[in-house]
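Encoded as structure tokens, the structure appears first; notes follow it.
Letters A, B, ... are given to chains in the order of the sequence lines, protein chains preceding strands, and every chain is numbered from 1.
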Amino acid sequence: MIRAMSNDASLPALTANDHLILVDGSTFIFRAYHALPPLTRKSDGLPVGAVSGFCNMLWKLLTEGLTPEKGDEPTHFAVIFDHSSKTFRNDIYPAYKAQRPEPPEDLIPQFGLIRQATRAFNVPCIEQEGFEADDLIATYATQAAAMGARVTIVSGDKDLMQLIGPRIGMIDTMKNKIIGEPEVFEKFGVGPDKVIEVQSLAGDSVDNVPGVPGIGLKTAAQLILEYGDLETLLANAASIKQPKRRENLIEFAEQARISKQLVTLKCDVPVETPVTHFAVEAVNGPQAVGFLKAMEFTTLTRRIAEATGAEAGNIDPAELTIPGWHAPDAKGRMMERGPDAGSSTPAAPGSTAPAAPGSAPAPEGMMTPQHLAAARAEEIRRIPVDHSTYETVMDIERLKVWVAEAMETGIVAFDTETTSLDAMQAELVGVSLATRPGRACYVPLGHVDGEGDLLGGGGLVPGQIPLRAALDVLKPMLEDPGVLKIAQNLKYDWQVMARHGIEVGPHDDTMLLSYTLDAGKGGNGMDELSERWLGHTPIPFKDVAGSGKSMVTFDKVEISRASAYAAEDADVTLRLWLVLKPRLAAEAMATVYETLERPMVPVLARMERRGISIDRQMLSRLSGEFAQGMAAVESEIYALAGEAFNIGSPKQLGDILFGKMGLPGGKKTKTGAWSTSVSVLDDLAAEGHELPVKIVEWRQLAKLKSTYSDALPGFINPETKRVHTSYSLASTTTGRLSSSEPNLQNIPVRTEAGRKIRKAFVAEKGNKLISADYSQIELRVLAHIADIPQLKKAFADGLDIHAMTASEMFGVPVKDMDPMVRRRAKAINFGIIYGISAFGLAAQLGISRGEAGDYIKMYFQRFPGIRDYMEAVKKEVHEKGFVTTLFGRKAHYPDVNTSNPSMRAFFERAAINAPIQGSAADIIRRAMLRMEDALVDAGLKIRMLLQVHDELIFEAEEAEVEAAIPVIRRVMEGACEPLLQLSVPLQVDARAADNWDEAH
DNA sequence: CCTGCCCCATA
DNA sequence: GTATGGGGCAGGA
């Protein structure tokens, strides 16, 4: 149909008072599809998630414009689509966008629907043969801007960023982000006017724009900033210093020019519909409502009916024309099971279900623990996982039935579903329970409907038990001393429940069971354990909530899908427990689990909840200082190098140092590139080169800025104003903890600049931070384990251990010792702990392999017990596949018997190190487990905040500091006892101050 | 957008 | 030579 007045000149041109909104319909479809909850469907199964997002956005933009404030509404509006995949660009470069994957199957019917939606809202729907939507948008935007009007492009497509200017803006509704010049700069490193120059160099693998090989966004921006544009750069390509880059720029010059043509948008498309025809017309209420009703968008239908005065009840759903779509027979999708689903008594789990533990059934009665454990594993493996047996609990009476069942059984696996991986911020969305294999339920508590996404709506899905009421029913069971609660990674669930006033206990943790039994054999995550022990692949999280950009929080997941996923988690957890728990006794690991692992959960959970204060202003000032320092060093570097380059790129740096400047490159990395690590740079610096010194300086500042001063403030919890790290109990082979998000176990300390970061960790007003650390704990453990008389005596006498070592080895007196000699001995001592090699020691000390070998030989002569210990450990690990710590913890090295000599040597060194590092880890764990009670018993309120392998950090009121320090020292120094009497004393140094740096 | 690589912060 | 976590870059899905 031809618009009646399509060439009517009487439609007025746009003026400065006009505001044109151009929606990039094509990319919107794809992005909405990925951003919105998966599997939103109409009752007949028609997938409509993208259409729903589109309609919401359209309505909001038409009525409000970009912001809810008045006066922002558009005067002109159009939605632009791609017409077909072939465009003039394919004539220039046939491969352009050639590798685009086919759109997902359930998206295909939505293409037509979105065009219908546009028409239903009375909005021009524009597409034109041979041109991409981007070219049409570019043309219309340029025309309107030339008339003086304001233009807003609604898209997240980076290719459109080249259009941004004084009158033309861009908004990404999916991210709710306005894209202006600063954002373009952030993305491309240049302003909008240079975007195409950068793109023509860097290329774009998504669209198959080739660019120039070896040049990414960073380098491209660097080059364009230096040369201004592509042609100038290509003209001067021969003078580029880096050989590889020069060659590529010359060889691929034509390819870059083609790329530029591909990315340059066409601003002069002979458009069929003039921009003046985009004047906004009132939405035809009945027409829009008819369409929305057909789509079953209830919320939006209501909203638009109200706004337009249309009588929704009297309007029939519109007829939809959907090519390629046939509604399936009215079988209906699986509905959530109602409150009465399932029988009122627990279903029999099947005759093969194991009896509850503790009540050893007669046939198994005479088996050894090992047989029992193996039989149990086989038994569990045979019960299939069946999602259809799970119940969705929507009714408080049913919940009470489940709780009663758990109380009666005495064992329940439970799992929480939340909105975040950060236990400190996660909102509870649901709880799942399992009482026997195959008997599990999910209790949704906080699911919302997804339609409110773009409008901020999204109320609770009706029918769920109110959160508070459900928790009141669950609490007595979760805290009942007679009911064992089992979880996978319990610390997380414990935290979430603690924030709702529930202290879960007693408990078991399948992740820790696995870690205790199998540390070093592989991961301890649930999916992995399920594969390993049950031969079952649980529903992947990404299948339920999506992944990456399109991931939704769990509260937006449809309840029936959430239910299958969540109930399965509890079911699998229970099964894993049934398999793993009997192994504790069979493999004599029950004590390790019960004294070193399980009780750590509440201790760490409390430490994480407390968090630590950081001084945001101080870090912000530091970021500024570091930035200034980097800028200063940067210009010196460019001057020394004779050109600008990306210092942060090891590849480019290597080209400059070893290519252009021809410095002798000592080492290469395993991929064959020049190594530019500090040790290499230091060597060059020692030869008198200035540039490497500056690089090291720049690197240090860059590291401190990006990893610490820039990143740490982002971890301040908005509610508590403190930083809450997360400790992992099960991610090292040796028994150490690890810390992440943020990692507070690698806060700088060695350099002056680094210690400024540490100063930003502060005590609250009226409080002090106390740092207490073990002195030389690993060497002391080594002295004990390997039973070395000289070492033991030195520690007993409180001597300087490295000086003593030097004295023994080189026969020099400790008094007035040359610091260099002591330094060598210190390096050797560390080397021993790491399973020394001549290669490593040589690298560390900057001496020859032969010389290092001589040192080691001499060391073993003086301390033969060390060599004996090392040989014994190697023998042990080859025979058993694991080694143990002083307290019985196992570290497995399943691949130690490999025939690859260097791999083998690596595992042997690791095995030598593990009992030392691991015993020290056990000791500080024991101290941590006793610390809280000891402090409370001493009448102190002081609390433990952090652990850094051999150091504990506390926060105490000033008045308590003096009394607290002796208690802390006593607990830490006596941590081995009474289980073990170490043959060397443990020594703890403790200090209090206003910040971490001064306390350390 | 994810992954491998390189480099670097700590004990 | 041991044990970690994390940031930036570049390349390939």
Self-check item: Side-chain N,O (A:S677) to OP1/OP2 (B:dC7) below 4.0 Å
Solution: no
Quiz prompt | A:W698 CH2: over 12 foreign heavy atoms closer than 6.0 Å | solution = yes
Practice problem: Ignoring backbone atoms, establish whether A:R909 has a side-chain N or O less than 4.0 Å from OP1 or OP2 of C:dT2. | Solution: yes
Practice problem: Give the rounded distance in Å between these two atoms: CG of A:L712 and P of B:dA9. | Solution: 15 Å
Quiz prompt | From C:dA3, B:dC8, B:dA9, nucleotide with atom closest to A:V678 side chain | solution = B:dC8
Quiz item: A:K218 has a side chain; which of C:dA10, B:dC7, C:dA3 sits nearest to it?
Solution: C:dA10
Quiz item: Just to confirm, is there a sub-4.0 Å distance from OP1 or OP2 of C:dT2 to any side-chain nitrogen or oxygen of A:T732?
Solution: no
Exercise. Starting from P on B:dA11, measure out to CD on A:Q776 and report it in whole angstrom.
Key: 12 Å
Quiz item: Going by modelled atom types, is there a donor-acceptor pair between the base of C:dT2 and the side chain of A:Q917 at under 3.5 Å?
Solution: yes
Quiz prompt | A:T669 vs B:dC6: side-chain N/O to OP1/OP2 distance below 4.0 Å | solution = yes
Quiz item: Reckon A:E741 touches a base, only the sugar-phosphate, or nothing at all at heavy-atom distances under 4.0 Å?
Solution: sugar-phosphate
Practice problem: Can you sort out which residues in residues 696-706 of chain A have a heavy atom within less than 4.0 Å of DNA chain C? Ascending by number, please. | Solution: A:K703, A:S706
Self-check item: Pair A:Q917, A:H949: side-chain N/O donor-acceptor within cut-off below 3.5 Å
Solution: no
Quiz item: Does the side chain of A:R904 come within less than 4.5 Å of A:H878's, by heavy atoms?
Solution: yes
Only distances under 3.5 Å count here; give the side-chain donor-acceptor pairs of residues 832-855 of chain A to other protein atoms, sequence neighbours excluded, each with its distance to 0.1 Å.
unit_1 : atom_1 : unit_2 : atom_2 : d
A:S837 : OG     : A:G840 : N      : 2.9
A:S848 : OG     : A:E851 : N      : 3.0
A:Y855 : OH     : A:R824 : NH1    : 2.7

Practice problem: Verify the contact: side-chain N or O of A:Q947 to OP1 or OP2 of B:dA11, cut-off strictly under 4.0 Å; return yes or no. | Solution: no
Quiz item: What nucleotide among B:dT10, B:dC6, C:dG7 has an atom nearest to a side-chain atom of A:A711?
Solution: C:dG7
Self-check item: Minimum-distance nucleotide (side-chain atoms of A:R750 versus B:dC8, B:dT10, B:dC7)
Solution: B:dT10
Quiz item: Taking OP1 and OP2 of C:dC9, is either one under 4.0 Å from a side-chain nitrogen or oxygen of A:N646?
Solution: yes
Practice problem: Run the salt-bridge test on A:R758 and A:D997 with the 4.0 Å N-O cut-off and return the result as yes or no. | Solution: no
Quiz item: Looking for any heavy atom pair under 4.0 Å, which part of the strands does A:G216 touch: base, sugar-phosphate only, or nothing?
Solution: nothing
Quiz item: Does A:S731 place a side-chain N or O at less than 4.0 Å from the phosphate oxygens OP1/OP2 of C:dG5?
Solution: yes
Self-check item: Integer-rounded Å distance: B:dC8 P and A:N743 CG
Solution: 17 Å
Quiz item: How far apart are the C-alpha atoms of A:D922 and A:T885, what are their side-chain angles, what is the distance that settles it, and do they pass the side chain to side chain donor-acceptor pair (under 3.5 Å) test?
Solution: CA-CA 8 Å; A:D922 292 346; A:T885 67; 2.6 Å; yes
Exercise. For A:F830 and B:dT10, give me the distance from atom CZ to atom P, rounded to whole Å.
Key: 13 Å
Quiz item: Do the side-chain N or O atoms of A:T734 get closer than 4.0 angstrom to the phosphate oxygens (OP1, OP2) of C:dT2?
Solution: no
Quiz item: How is A:A852 classified with respect to the nucleic acid when contacts are heavy atoms under 4.0 Å: base, sugar-phosphate, or nothing?
Solution: nothing
Quiz item: Checking all strands, does A:I836 fall into the base, sugar-phosphate, or nothing category for heavy-atom contacts under 4.0 angstrom?
Solution: base
Practice problem: Nearest whole angstrom, please: distance from the P of B:dA11 to the CZ of A:R780. | Solution: 17 Å
Quiz item: For residues A:S726 and A:E741, is any side-chain donor paired with an opposing acceptor at under 3.5 Å?
Solution: no
Quiz item: Reckon A:N746 touches a base, only the sugar-phosphate, or nothing at all at heavy-atom distances under 4.0 Å?
Solution: base
Quiz item: So what does A:I747 hit on the nucleic acid, given a heavy-atom distance under 4.0 Å: a base, only sugar-phosphate, or nothing?
Solution: sugar-phosphate
Quiz item: Atom CD1 of A:I695 and atom C1' of B:dC7: how far apart are they, to the nearest Å?
Solution: 13 Å
Exercise. Respond yes when some side-chain nitrogen or oxygen of A:S649 is under 4.0 Å from OP1 or OP2 of C:dG8, and no when none is.
Key: no
Quiz prompt | Atom-pair distance (CZ on A:R755; P on B:dA9), nearest Å | solution = 13 Å
Quiz item: Any salt bridge between A:R991 and A:E998, counting N to O under 4.0 Å?
Solution: no
Quiz item: Knowing that exactly one of A:N913, A:T734, A:V877 qualifies, which makes a side chain to side chain contact (heavy atoms under 4.5 Å, CB included) with A:V883?
Solution: A:V877
Exercise. Would you kindly give the CG-to-P distance between A:L217 and C:dG11, to the nearest whole Å?
Key: 11 Å
Quiz item: Checking all strands, does A:T676 fall into the base, sugar-phosphate, or nothing category for heavy-atom contacts under 4.0 angstrom?
Solution: sugar-phosphate
